[in-house]
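Just below is one structure, and these are the notes that go with it.
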Amino acid sequence: MDIIKKLAQELQIKTGQAEAAVKLIDEGNTIPFIARYRKEATGSLNDEVLRNLHERLNYLRNLEEKKQQALAAIEEQGKLTDELKAQIEAAETMVVVEDLYRPYRPKRRTRATVAKEKGLEPLANIISLQMTQKPLEKEAEAFLDPEKEVHTVEEAIAGAKDIIAEAISDEADYRMRIRSMTQEKGMVTSAAKDPEAESVYEMYYEFSDRVAKIAGHRVLALNRGEAEKILTVKIEAPEEEILRYLNKQVIVKKNPYTTPVLQDTIADSYQRLIAPAIEREIRNSLTEMAENGAIRVFGKNLEQLLMQPSIVNQVVLGWDPAFRTGCKIAVVDATGKVLDTTVVYPTAPQNKVEEAKAVIKNLIEKYHVTLISLGNGTASRESEMVIVELLKELREPVQYVIVNEAGASVYSASKLATEEFPNFDVGQRSAASMARRLQDPLAELVKIDPKSIGVGQYQHDMNQKKLSEALSGVVEDCVNKVGVDLNTASASLLEYISGVSKAVAKNIVAYREENGRFESRQQLLKVAKLGPKAYEQCAGFTRIIGGKNPLDATAVHPESYRAAERLLEKLGYGPKDLASGNLKGISGKIQDYKKLAEELGIGEITLRDIVKEMEKPARDPREDMPKPILRSDVLEMKDLTPGMVLKGTVRNVIDFGAFVDIGVHQDGLVHISQICDKFIRHPLEAVSVGDVVDVKVMSVDPAKKRIQLTMKGIENKKK
C-alpha cells in the first residue's frame with residue numbers, strides 16, 4: 001500500500017502535503033510546531049488535519065506490519081499462493097487481514113482439531129465434496145476406531161461435521177459477505193433483565209435500531225446498561241438470508257446423502273462459530289465509531305471551553321458554595337495572586353446571612369473587588385440569593401458570574417494544588433480556582449484532568465488511553481495557539497507547550513526561581529534538559545513581555561528574527577516601533593509579498609504571518625470568543641414560563657442537543673431538532689461550548705428539574 005497516497009486521498013489533500021507532513025512528524029516535530037511554523041512545507045495544513053493524519057499514519061503503518069507478519073507466517077507453512085498474497089497486500093483494514101489469515105493462524109484445541117486427530121478429515125472431505133453415492137452411514141463405518149474413541153457411525157459423522165463447520169467459518173470470503181449483510185440489514189436490540197425495575201435505561205427496555213443507522217450515543221448508552229447488568233444487548237442478523245447464501249456457496253450439487261448433513265452443518269457453523277464472532281466484531285466496531293464520535297465532540301467542547309476569553313484587570317472574589325461546612329471565599333488580584341481567604345455561613349444550617357454579608361462587604365471594599373465568581377455546585381442557588389441581596393446594598397457596582405465548577409474538587413485535592421497552596425485546605429483552594437478560572441480559564445483548567453472538566457458524554461465508558469491522548473492533543477493545541485508568558489506561566493501550563501515535557505516544564509520554573517525573570521528566549525537553552533530540538537519546537541510559543549528583544553513578545557519564531565528585522569528596516573521602522581505597537585497598517589505598505597519574501601529569504605506564507613503578528617503583537621485569539629454573561633440579579637426555576645426569551649451560555653454539546661445555562665442552576669436542553677430552522681446532522685454545526693445564545697422556554701418541569709428550550713425562530717449568529 002502506498003501510505004502517502006492513501007493519506008492524501010482520505011484527507012483530501014495533495015500528495016506533496018501528506019509527504020511533507022509525514023516527513024516532519026518522522027523527524028520528531030510536534031503537531032503545533034508543524035501547523036504554525038512549517039506552513040510552506042505542508043501547504044498550511046491546520047492542527048486538526050495534522051492530528052488526523054498522524055492517527056491514520058500510525059494505523060496504516062500498523063496495518064502494513066500486520067500484513068507482513070501474516071505473510072511471513074503463511075509462507076513459513078508453505079501455503080502462500082500468489083492470489084492470497086495479493087489479497088493480503090490489497091487489504092485496507094485489520095479485520096480483512098484477520099479474515100484472510102484466520103485459516104492459517106495457530107488454533108487452540110477445538111472440536112474440529114479433535115476430530116482431525118481421530119482421523120475423520122477424509123470423511124469430512126467426502127461429505128463436503130459430495131463424493132459419495134451411498135448412505136453416509138456406510139461411508140462412516142470405515143472410520144470407526146475404538147482406539148481413537150470413534151465408537152459409532154454417529155460419532156464419526158458428528159466429528160466430520162465439526163471439521164466442515166470450522167472450515168466454513170474460516171473461509172474469508174464467507175465472513176466478509178456475512179459481516180456486510182449483518183451490517184446492512186442487522187438490528188441492534190436490547191431488553192430489560194427486569195422489566196419492572198426503574199432505571200435511566202427504561203427507553204432501552206424494548207429497543208431496536210438498524211446496525212447501519214444507530215446513533216453513537218445510543219451505542220454507548222446500551223453498552224453502559226449492559227455493563228451495569230440492566231440490559232441484554234444483541235445483534236439480530238438476517239439469518240435466513242445468510243443461510244441461503246451459505247447453502248448456495250457450500251452445496252454445489254444436490255446429493256440426497258450429503259445435502260441434509262451439509263445444511264445442518266452450515267447452520268451449526270453459522271450459529272456456533274460465525275455469528276458470535278461477527279456479533280463481537282460489529283459490536284466492537286460500533287463502539288469504536290461511537291467512541292471516536294464522542295471523543296471528537298468532547299474535543300470540540302473542550303477546545304471551546306479552554307478558549308473562553310480571559311477577564312483581565314479585575315480583582316475577583318471566588319465563592320465555593322456549601323451548606324454545613326460553610327462557603328469558602330478567596331480574593332484574587334488581577335495577576336491571580338491570592339490576597340485573602342475566609343469562610344462564611346449564610347446557608348443552612350447556620351443561616352448567618354447578615355454576618356456573611358458584612359464579611360464579604362469588607363473584603364470587597366478592602367481589595368476593590370469588581371467581580372464575584374460563584375461556583376455552580378451544592379448551595380449555589382442559596383449563595384446566589386445572598387450575593388444578589390448584597391450587590392443591591394453596595395455603593396460601587398459589582399457583578400457576579402456563575403462558573404462551572406466541574407473538576408474543581410479534583411484539582412483542590414490534587415498534589416499540584418497542595419504544592420501551589422500548601423497552607424490552604426481543599427475548600428480554600430477550590431475558591432481560589434473559582435476566581436482564577438474566570439480570570440484565565442486556559443491557565444487554570446490545564447491543571448485538571450480533561451476528563452473531569454464535564455463537557456463530554458460517557459467519557460468513563462471509553463478507551464481511556466485513546467480519550468486521554470485526544471484530549472491532551474486538544475489542550476496542547478489551545479495552549480500553543482494562545483502562547484504562554486515565560487515569566488508567569490505555571491509548570492502545568494508550560495508542559496503543554498510544543499516540545500516541553502513535564503520534567504522540562506518544572507526545570508523552566510526552577511530556573512526562573514533561581515535566576516530571576518527570563519530576559520530573552522535564548523535563555524531557554526540554559527534550562528536543564530532543554531536542548532536545541534526542544535528549543536526549536538517551543539521557542540515560538542513562549543512570550544517575554546518587556547524583554548531585551550521585542551520580537552520575544554510575539555509569535556515570530558527566532559529562526560525568522562533576521563528576516564523580521566530586515567523587514568522592519570525595509571519599511572522604515574525599528575524594534576522600538578514594534579515594542580510600542582506602532583506598526584498597525586504595515587501590510588498596506590507591501591506591494592509584492594512574493595518578491596519581498598524572496599529578498600528576505602523566507603516563504604511568502606511565513607512573511608504574511610510575520611506581518612500579521614507585527615501589526616497585532618501577541619494578539620490573544622481568545623478575544624474573538626463570546627464573553628461570559630455578567631449578572632446582577634437572580635432568576636429561579638419558578639420564574640420561568642413558556643414563551644420567555646432568555647440569554648444563556650452553552651455549557652455542553654452532545655449528539656442529541658445542547659445544554660444551556662440560563663441562570664437558574666438547572667441547565668435547559670435544546671434538542672437537536674430545536675437548535676435551528678434548517679436541518680443539521682450534529683449540534684456542533686450550529687453551537688459550541690461557551691457560545692452566548694438566545695433561547696425560548698418551551699416547557700418547565702420543576703419536579704424532574706427539566707427545562708426544554710428552543711432556539712428556533714430566534715436569530716442566533718454562530719461566532
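The number of heavy atoms from other shown groups lying within 6.0 Å of NZ (K595) does not exceed 12. For D82, the CG atom sits in a loose shell: 12 or fewer heavy atoms of surrounding residues, nucleotides or ligands are nearer than 6.0 Å. Taking a 6.0 Å sphere around CD of Q464, one finds it holds more than 12 heavy atoms contributed by other residues, nucleotides or ligands. Within 6.0 Å of atom CD in E623, more than 12 heavy atoms from other residues, nucleotides or ligands are found, so the atom counts as buried in its surroundings. More than 12 heavy atoms of other residues, nucleotides or ligands sit less than 6.0 Å from atom NZ of K39.
In terms of heavy atoms, L416 sits closest to S492 at CD2-OG, 3.0 Å. Heavy atoms only, all atoms of each residue included: S310 and R622 are closest at OG-NH2, 4.0 Å. Considering all non-hydrogen atoms of both residues, P32 and D477 come closest at CG-OD1, 3.8 Å. Here the closest non-hydrogen pair linking D655 and G216 is OD2-C, 4.2 Å. Looking at every heavy atom in both residues, L467 comes nearest to M462 through CD1-SD, 4.3 Å. Closest of all the heavy-atom pairs between T606 and S560 is CG2-OG, 4.0 Å.
Side-chain rings of Y496 and F541 stay apart, their centers remaining 6.0 Å or farther from each other.
Considering only residues two or more places apart in sequence or on other chains, F656 meets the ring-ring contact (aromatic ring centres under 6.0 Å, His included) condition with H217.
With rounding to the nearest 0.5 angstrom, the NZ atom of K447 is 9.0 Å from the OG atom of S414. Here T649 contributes atom OG1 and D691 contributes atom CG; the two are 9.0 Å apart, rounded to the nearest 0.5 Å. From I278, atom CD1 reaches atom OG1 of T182 across 6.0 Å, with rounding to the nearest 0.5 Å. In this structure, the separation between OG1 on T542 and NE2 on H557 is 8.5 Å, given to the nearest 0.5 Å. Atom CG of L45 is separated from atom CD1 of I13 by 5.0 Å, given to the nearest 0.5 angstrom. One distance of note links CD of E303 with SG of C478; it measures 5.0 Å at 0.5 Å rounding.
Contact check for I654 versus V297: no side-chain heavy atoms found under the 4.5 Å cut-off. Using a 4.5 Å cut-off on side-chain heavy atoms (C-beta onward), I586 and L568 make no contact. The shortest distance between side-chain heavy atoms of R61 and E65 does not fall below 4.5 Å. At a threshold of 4.5 Å between non-hydrogen side-chain atoms, the residues Y511 and L530 do not count as touching. Under the 4.5 Å side-chain criterion, counting only non-hydrogen atoms from C-beta, M289 is not in contact with V219. Residues S520 and N549 form no side-chain contact, since every pair of their non-hydrogen atoms from C-beta on lies 4.5 Å or further apart.
Distance alone, capped at 3.5 Å, is enough to place a donor-acceptor pair between the R512 side chain and the A489 backbone. For D552 (side chain) and I544 (main-chain N/O), no donor-acceptor pair under 3.5 Å exists by modelled atom type. Remark: the backbone N or O of V504 is paired with a side-chain donor or acceptor of S501 at under 3.5 angstrom. Between the side chain of D47 and the backbone N or O of A35, no donor-acceptor pair lies under 3.5 Å. Listed for the T30 side chain is no donor-acceptor partner under 3.5 Å among the backbone atoms of G499. Side chain of N29 to main chain of L24: a donor-acceptor pair is present (N/O by atom type, distance under 3.5 Å, no hydrogens or angles). A donor-acceptor distance shorter than 3.5 angstrom exists from the side chain of E279 to the backbone of I235, with no hydrogens or angles considered. A side-chain donor-acceptor contact under 3.5 Å links R566 to the backbone of E599. Although no hydrogens or angles enter the test, the distance criterion places no donor-acceptor pair under 3.5 Å between the side chain of E55 and the main chain of N52. R436 places no side-chain N or O within donor-acceptor distance of the main-chain N or O of E444, the cut-off being under 3.5 Å.
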| field | From CA spacing to verdict: side chain to side chain contact (heavy atoms under 4.5 Å, CB included), E184, V211 | value | CA-CA 7 Å; E184 289 170 14; V211 169; over 6 Å; no
| query | Are V687 and Q304 close enough, and set up right, to give a side chain to side chain contact (heavy atoms under 4.5 Å, CB included), and what steps lead you there? | reply | CA-CA 10 Å; V687 292; Q304 294 296 124; over 6 Å; no
| task | Please report the C-alpha distance between E598 and K594 in whole Å, then the side-chain angles of each, then the deciding distance to 0.1 Å, and finally whether the salt bridge (Lys or Arg N to Asp or Glu O under 4.0 Å) criterion is met. | result | CA-CA 6 Å; E598 287 174 1; K594 187 175 181 182; 5.2 Å; no
| field | R651 vs D667, salt bridge (Lys or Arg N to Asp or Glu O under 4.0 Å): CA-CA, chis, key distance, verdict | value | CA-CA 8 Å; R651 290 293 185 205; D667 293 346; 5.1 Å; no
| task | Evaluate the criterion side-chain hydrogen bond (donor to acceptor under 3.5 Å, both in side chains) for residue pair R437 and Y411; output intermediate values, then yes/no. | result | CA-CA 12 Å; R437 66 169 61 185; Y411 160 72; over 6 Å; no
| Trace of the side chain to side chain contact (heavy atoms under 4.5 Å, CB included) decision for M1 with L63 | CA-CA 10 Å; M1 181 191 294; L63 176 62; 3.8 Å; yes
| message | What verdict does the side-chain hydrogen bond (donor to acceptor under 3.5 Å, both in side chains) test give for S468 and K451, after you've listed the backbone C-alpha separation in whole Å, the side-chain angles of each residue and the deciding distance to 0.1 Å? | response | CA-CA 8 Å; S468 293; K451 296 194 291 292; 3.1 Å; yes
| Where do I602 and I610 land on the side chain to side chain contact (heavy atoms under 4.5 Å, CB included) test, with the steps shown first? | CA-CA 10 Å; I602 55 176; I610 291 172; 3.9 Å; yes
| request: Apply the test side-chain hydrogen bond (donor to acceptor under 3.5 Å, both in side chains) to residues R283 and N223: give CA-CA distance (whole Å), side-chain angles for both, the deciding distance (0.1 Å), then the verdict. | output: CA-CA 9 Å; R283 289 283 306 274; N223 288 354; 3.2 Å; yes
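Of the charged side-chain nitrogens involved, none lies within less than 4.0 Å of a carboxylate oxygen, so that R102 and E98 do not count as a salt-bridged pair. A salt bridge links K300 and E48; the closest N-O separation between the charged side-chain nitrogens and carboxylate oxygens is under 4.0 Å. Between K23 and E27, at least one side-chain nitrogen of the basic residue sits less than 4.0 Å from a carboxylate oxygen of the acidic one, meeting the salt-bridge criterion. Between K612 and E615 there is no salt bridge, since no side-chain nitrogen of the basic residue lies less than 4.0 Å from a carboxylate oxygen of the acidic one. A salt bridge does not link E291 with K466: none of the charged nitrogens is closer than 4.0 Å to a carboxylate oxygen. Classification of E536 and R38 as a salt-bridged pair holds, one side-chain N sitting under 4.0 Å from a carboxylate O. By the 4.0 Å N-to-carboxylate-O rule, R105 lies too far from D170 to be salt-bridged with it. A salt bridge links R51 with E476: the closest approach of a Lys/Arg side-chain nitrogen to an acidic carboxylate oxygen falls below 4.0 angstrom. Salt bridge annotation for E92-K6: present, with a cationic side-chain nitrogen under 4.0 angstrom from a carboxylate oxygen. For E495 and K506, the salt-bridge test fails: no basic side-chain N is under 4.0 Å from an acidic carboxylate O.
Between the side chains of Y174 and D99, no donor N or O sits under 3.5 Å from an acceptor N or O.
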